[in-house]
2 protein chains.
Amino acid sequence: MRVTVDIVLFTIRERRLHLLLIRRLAEPFAGCFALPGGFVLPDESVDAAAARELREEAGVESVYLEQLYTFGEPGRDPRGRIITVAYYAMVPQTQSLQAGTDAADAAWFPVDALPPLAFDHLAIVQYAHTRIRNKLGYTNVGFELLPAKFTLSELQVVHEAILGEPLDKRNFRRRVQLQGIVKPTKEFQATGRKPAQLFRFKD
Amino acid sequence: MRVTVDIVLFTIRERRLHLLLIRRLAEPFAGCFALPGGFVLPDESVDAAAARELREEAGVESVYLEQLYTFGEPGRDPRGRIITVAYYAMVPQTQSLQAGTDAADAAWFPVDALPPLAFDHLAIVQYAHTRIRNKLGYTNVGFELLPAKFTLSELQVVHEAILGEPLDKRNFRRRVQLQGIVKPTKEFQATGRKPAQLFRFKD
DNA sequence: TGACTAAGTGTTCACACGACACTATTCTAG
DNA sequence: CTAGAATAGTGTCGTGTGAACACTTAGTCA
C-alpha cells in the first residue's frame, strides 16, 4: 500500500481564485493536468512530504499548508492501491513561483474554469474550495494570499474571490476592523488614483 | 508503508460524553488502552475499513462515521512506518454494543477521565472532541447520539455533554425549534414525572 | 481644469442570542 | 388523599451582529 500527498495550491490572480496544475508527463493520464504531489518517503512525516512536494514541483517555500482529507478508494489510481492525503496551501500573488519547474508544464487556472483533471483530483479541488469558503466565516484565512502589507480593498478582493460573490464595501470594512484582525500602518499605497491606507495582520 | 484506521466511538452515558477503548493484548503497549482500529485491507476503501473495524471490535453496525484527520509522523508507531486515518463515530446509548468483543477488553470511559492511551491516541481523541464541539455550532451533530424519537431534554443533555457546560433550557428549546431541525410527534414519554413530548429529526 | 477612478465613510432594520423565574403535571411516600 | 419531589414547559427584554443602501474625497490623466 503506497501513500501520496496532493496539494491544492491557491492564489489570487486578476481578482479570481486560481490554483496550480501540472501537466503529467508519465502514464497514467499522460498529458492531463493534475495537482502537484507525490509519494511520501519512508522517513518523512506526511506534512513534510507535502511541504517538500510544494518546494520541488511549485518552487514555493514556507507557505500556509493545511491537511484536508484522505482519499482512499481502491480504484482511484490505476497503478494499484494508492491512498492520498490531500492538502491545501496558499501563496500571495507576489511570490515568485514555479522556480523548480519547467514553465510549460505548470500553470495557474481559475477554479471555475479548470481543464479535465487526472485521477480524482477534481473531487479534491472541490473539497478544498468548500473548505476555504467555510473557513472564511470563522477564521482569518485569506491573509496568506496577501503580502504582509495590504489595503482593505485588496483583502476584500480575496474574500470575494473565495466566496465567488461580491461583498458590500462598508460592511466588509466595518467587520474586519471591529474584529481587530488587522491594524493600520502609517503608509499609503499610491496605485493610480486615490492612495489607499496599508494594513497588517494583527498577530 | 502501512495504513491503519482508528475510530473514536462516542456515546452518552449518565449525562456525560464517553468513548470506547479496547485493552491491547499484543505488544507494543500491551495492557494499555487504545482506540478500536486496524489495518486497511488491500481491496477495501479506507471508509470501509473504519466501518469494518467498528463492526469487528465494537460490534456496532451502520453508525454515523466521519473521517477526522490523518496522523503520519514517522515515529508514531514503534513497529515501523504506519500512517493512521482517524475517524469518529457516534452511537445512541440504547444500541447494544461490544457484541463481537470480549467484554473484559472493551470499556466506555468519560472523555474527561481517560486512562493512559497507546500510541498518539490521546491526540486523536482530543482532535475528535474538538471537532464535534465545533460542529455542534453549525450542524445537526448530536442526533446520532439519540434514538429516532427523543425529548428536547434528552437533546439538551447531549449538547451539554459535548460542550461540557450547562445550557439555558428556554434558549436551547427556542433555538432548536426555530431552526426547524426537529419536528414534534404526538407521543409522550412517561418517564417518572411529568411526561415529555417526543420529537424526531426533520430530514 | 474637467472627467475618470478608486478610497473611504454611517445609519437603520431585522434577527439571533443570552440572561432570567415561574407554573404545570405526574409520581411517590406518608 | 394530600404534600412534596422531580422534571416539563413557557416569554420578555436588552444587546450585539449582519444586511441593505449612496455619496464625498483624493488623486491621475488627458
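Every chain is numbered from 1, with letters handed out A, B, ... down the list of sequences.
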Roughly, in whole Å, what's the span from CD in B:Q177 to C1' in D:dT10?
11 Å
For DNA chain C, note the earliest and the latest nucleotide, 5' to 3', having some atom under 4.0 Å of a heavy atom belonging to chain A.
C:dT5 to C:dT11
Compare every heavy atom of A:I132 with every heavy atom of A:M90, then report the nearest pair and how far apart it is.
CE-CG2, 3.6 Å
Less than 4.5 Å apart, side chain to side chain, heavy atoms only: is that true for A:I83 and B:I83?
no
Under 3.5 Å: donor-acceptor pair, side chain of B:R81, backbone of B:G72:
yes
Those residues at least two apart in sequence (or on a different chain) that pass ring-ring contact (aromatic ring centres under 6.0 Å, His included) with B:F109 are B:F33
For A:D112, I'd like to know if atom CG has over 12 heavy atoms of other residues, nucleotides or ligands within 6.0 Å.
yes
Contacts of A:Y127 that satisfy side chain to side chain donor-acceptor pair (under 3.5 Å) - sequence neighbours left out:
none
Between B:V46 and A:F71, is the side chain to side chain contact (heavy atoms under 4.5 Å, CB included) condition met? List the steps.
CA-CA 8 Å; B:V46 184; A:F71 294 79; over 6 Å; no
Within the pair B:S153 and D:dT7, is there a side-chain N or O less than 4.0 Å away from OP1 or OP2?
no
Spacing of NE2 belonging to A:H159 relative to CG belonging to A:L145, to within rounding of 0.5 Å:
9.0 Å
Using whole Å, report how far CD of B:Q156 lies from C1' of D:dG9.
12 Å
Decide if atom CZ of A:R15 counts as having more than 12 heavy atoms of other residues, nucleotides or ligands within a radius under 6.0 Å.
no
Output the rounded distance in Å from CD (B:Q189) to P (D:dA6).
19 Å
Rounded to whole Å, the CZ-P distance (B:F199 to D:dA8) equals 12 Å
Can you measure B:F150 atom CZ to D:dA8 atom C1' for me and round it to whole angstrom units?
16 Å
Terminal axis angle for the helix from C:dT1-D:dA30 to C:dG30-D:dC1, five pairs an end, nearest 10 degrees:
0°
What is the per-nucleotide protein-contact pattern of nucleotides 21-30 of chain D, from the 5' end, where B denotes a base atom under 4.0 Å from a protein heavy atom, S denotes such proximity for sugar-phosphate atoms only, and - denotes neither?
BB--BBBB--
Rounded to the nearest angstrom, tell me the gap between atom CZ in B:R173 and atom P in D:dG11.
12 Å
Compile the donor-acceptor pairs under 3.5 Å between side chains in residues 176-187 of chain A and protein atoms, sequence neighbours left out, one pair per line.
{"unit_1": "A:T185", "atom_1": "OG1", "unit_2": "A:E187", "atom_2": "N", "d": "3.2"}
{"unit_1": "A:T185", "atom_1": "OG1", "unit_2": "A:L198", "atom_2": "O", "d": "2.8"}
{"unit_1": "A:E187", "atom_1": "OE1", "unit_2": "A:K149", "atom_2": "NZ", "d": "3.3"}
{"unit_1": "A:E187", "atom_1": "OE2", "unit_2": "A:K149", "atom_2": "NZ", "d": "2.5"}

Atom pair CZ/CZ of B:F119 and B:R79 - distance to nearest 0.5 Å:
4.5 Å
Euclidean distance, atom CD of residue B:E187 to atom C1' of D:dA8 [Å, nearest integer]:
17 Å
Rounded to whole Å, the CG-P distance (A:L167 to D:dA20) equals 10 Å
